[in-house]
Q: 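First the structure, which I've put down as structure tokens, then a few questions once you've had a look.
Counting starts at 1 for both ligands and their atoms, following the listed order. These numbers come from the heavy atoms of this one structure, side chains and all, not from hydrogens, waters or symmetry mates.
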Amino acid sequence: MNNFVYHSPTKVYFGQGYESQIGALLKEHGFRKPLMVYGGGSIKRSGLYDTVTASLKDAGLTWAELPGVQPNPLLGLAKQGIALFRAEQCDVLLAVGGGSTIDTAKVIGLGVPYDGDVWDFWCGKADPKTGIPTVAILTIAAAGSETSESAVITNEDGMQKKGRNSIFNRPLFSILNPALTATLPAYQTACGAVDIMMHTLERYLTLPGEVELTDRIAESVLLTVRHWAPVAIAEPDNYEARAQLMWAGSLSHNDLTGCGHASVFINHKIGHELSATHDTAHGASLAIAFPAWAKYSYLYNVPRFAQYAVRVWGCEMDYQHPENTALAGIQATEDFFRSLGMPVRLSYIDVPESEIDLLANRITANGKLSFKSYVDCGTKEFTEILKLAK
Ligand code: NZQ
Ligand code: ZN
């Protein structure tokens, strides 16, 4: 087992009705004026906007608003949020929505106390020294941003989509009411399911291999999503299904499923590039990346991929040829993603083979970057992986 530091301080309020206490909870924490950040309108259609603002009013709080966060959120809007937060003299960020909304709030949270360009933190020019707290009311089980230390943003200048980890990104508290996810379209539910699985798999399918307790937790998350995602898609109002997915999403990316393991996130590098250049939903981009990356990688770690196949997908162990078991698990994953309605090849999102070199070069900043997986992944390796996704 590798050494690790586990620090996941976000307080979680899980279950029905907590969103109507948001005003009182903010007040209890000593805040007086939140900047409320939200997306393209789902919270207005569902009535959540009214619930939240009524609760703020009841608690005697005033607030400012930044609407209009889009999926794969843009830096420009976050910069508007930084200016608004300062002008309105807010003291906390209240994100009401999914990963895109929460991440926009986190970017604002790092940007407000910083004199320079907030992008400095994403392009490696500076490290955050402090941050404004973010509080989240989650409306989709997916990205795990409600408990994670990551914030992912796209800079319109060159459409660069990048993540940034910082302890200041961990939300102070998050409200998780599974009933708020009942209005999700099936496609978004499916994207979320894939993302939850991938946050666990990017940690699980790594060296040094078995870490018994962490592995069993990770497998539980994967089995839970495997069981409940199809139920949530077939029965959007099924509270139990929504609850299982929501909790799986938060545990999958609060670092619990990585204790003692490496974490690789190569699939996310590919996914971010597909989202930035082809406006692909995050989970869908990962459904395309994973089968290709896994086929490229499994021979470096056959026992691990075979364990995954047996324990998560119930594949039979082929002791003579365990690589066949490993491949069966990869195929089962792909079939599952497909059954949820996800694209699993580049062609499904109209990316032609002729674009593969360009994509690989963009991921590695024209060969300047490489990322550690079983092998160091540079332009050549990303090109080979992407060819397996065509
Ligand atoms: O904008 P609105 O109108 O709210 O609609 C959203 C959006 O169109 C809709 N939606 C959300 N909740 C809904 C709903 N529609 C109906 N009913 C509801 N209850 O769903 C669409 C997608 O929302 P988004 O916030 O983009 O989804 P998700 O949570 O999947 O977030 C994806 C973003 O998070 C990043 C991704 O890269 C992507 O940019 N990630 C963030 C991570 C983190 N901070 O730790 C880790 C992840 O790996 C990921 O990279
Ligand atoms: Zn993800």
Q: With atoms numbered from 1 as shown, which atoms in ligand 1 lie under 4.0 angstrom from a non-hydrogen atom of Ala142?
A: 29 (O), 30 (O)
Q: Short list, please: which atoms of ligand 1 are under 4.0 Å from a heavy atom of Thr139?
A: 11 (C), 12 (N), 13 (C), 18 (C), 19 (N)
Q: Here's one to test your reading of the geometry: is the NZ or CZ of Lys11 within 45 degrees of the ring axis of Phe173 and under 6.0 Å from its centre?
A: no
Q: What atoms of ligand 1 come within less than 4.0 Å of a heavy atom belonging to Gly39?
A: 1 (O)
Q: Does the protein put a heavy atom less than 4.0 Å from atom 39 (O) of ligand 1?
A: yes
Q: Before accepting this row, confirm whether a basic side-chain N of the pair Glu88/Lys33 lies closer than 4.0 Å to the acidic partner's carboxylate O.
A: yes
Q: Looking only at non-hydrogen atoms, which of Glu149, His268, Gln188 approaches atom 21 (C) of ligand 1 most closely?
A: Gln188
Q: Of all the N, O or S atoms in His199, which has the shortest distance to the Zn ion (ligand 2)?
A: NE2
Q: Do the side chains of Glu210 and Arg311 get close enough for a salt bridge, i.e. N-O under 4.0 angstrom?
A: yes
Q: Hey, which atoms in ligand 1 end up nearer than 4.0 Å to a heavy atom of Ser148?
A: 43 (C), 44 (N), 45 (O)
Q: I'd like to know if Glu334 pairs up with Lys295 as an ion pair, taking the criterion as any Lys NZ or Arg NE/NH1/NH2 lying under 4.0 Å from an Asp or Glu carboxylate oxygen.
A: yes
Q: Output yes when Lys387 and Glu384 qualify as a salt bridge under the 4.0 Å nitrogen-oxygen rule, no when they do not.
A: no
Q: Answer with side chain, backbone, both or neither: which part of Asp103 has a heavy atom less than 4.0 angstrom from an atom of ligand 1?
A: side chain
Q: Hey, is Arg170 close enough to Asp255 for a salt bridge, meaning N to O under 4.0 Å?
A: yes
Q: Do the charged groups of Lys79 and Asp117 touch, with an N to O distance under 4.0 Å?
A: yes
Q: My understanding is that only one of Phe121, Trp119, Phe168 makes a ring-ring contact (aromatic ring centres under 6.0 Å, His included) with Tyr114; could you say which?
A: Phe121
Q: Would you say Pro73 contacts ligand 1, with heavy atoms under 4.0 Å as the rule?
A: yes
Q: Please determine whether any non-hydrogen atom of His199 lies less than 4.0 Å from an atom of ligand 1.
A: yes
Q: Report, in ascending order of atom number, the atoms of ligand 1 lying under 4.0 Å from any heavy atom of Pro71.
A: 7 (C), 8 (O), 26 (O)
Q: Tell me whether Glu316 at atom CD has more than 12 heavy atoms from other residues, nucleotides or ligands lying less than 6.0 Å away.
A: no
Q: Any idea which protein heavy atom is nearest atom 18 (C) of ligand 1, and the distance to it?
A: Thr183 OG1, 3.4 Å
Q: Check this for me, if you would: do Asp357 and Arg362 make a salt bridge, where the nitrogen-to-carboxylate-oxygen distance has to be below 4.0 angstrom?
A: no
Q: Hey, is atom 6 (C) of ligand 1 under 4.0 Å from any protein heavy atom?
A: no
Q: With the Zn ion (ligand 2) as the point of reference, which N/O/S atom of Asp195 is the closest?
A: OD1
Q: Select the closest option to atom 28 (P) of ligand 1 among Ala182, Gly99, Pro171, Gly271, judged by heavy-atom distance.
A: Gly99
Q: Same cluster or not: Ile349 versus Ile270, using hydrophobic residues (I, L, V, M, F, W, Y) connected whenever any side-chain heavy atoms lie under 4.5 Å apart?
A: yes
Q: I'd like the atom name of the N/O/S atom in His282 lying closest to the Zn ion (ligand 2).
A: NE2
Q: From atom 9 (C) of ligand 1, is the closest protein heavy-atom distance below 4.0 Å?
A: no
Q: What verdict does the side-chain hydrogen bond (donor to acceptor under 3.5 Å, both in side chains) test give for Ser145 and Lys106, after you've listed the backbone C-alpha separation in whole Å, the side-chain angles of each residue and the deciding distance to 0.1 Å?
A: CA-CA 9 Å; Ser145 185; Lys106 290 178 176 181; 2.9 Å; yes
Q: I'd like to know if Gly41 contacts ligand 1, where contact means a heavy-atom distance under 4.0 Å to any ligand atom.
A: yes
Q: Could you tell me, atom by atom, which parts of ligand 1 come under 4.0 Å of a heavy atom of Leu180?
A: 19 (N)
Q: Quick one: which ligand 1 atoms are inside 4.0 Å of a heavy atom on His253?
A: 45 (O), 46 (C)
Q: As an exercise, identify every atom of ligand 1 less than 4.0 angstrom from a heavy atom of Lys161.
A: 36 (C), 37 (O), 38 (C), 39 (O)
Q: Given the ring of Phe336, does Arg226 sit roughly above its face, with NZ or CZ under 6.0 Å from the centre of the six-membered ring and within 45° of the axis?
A: no
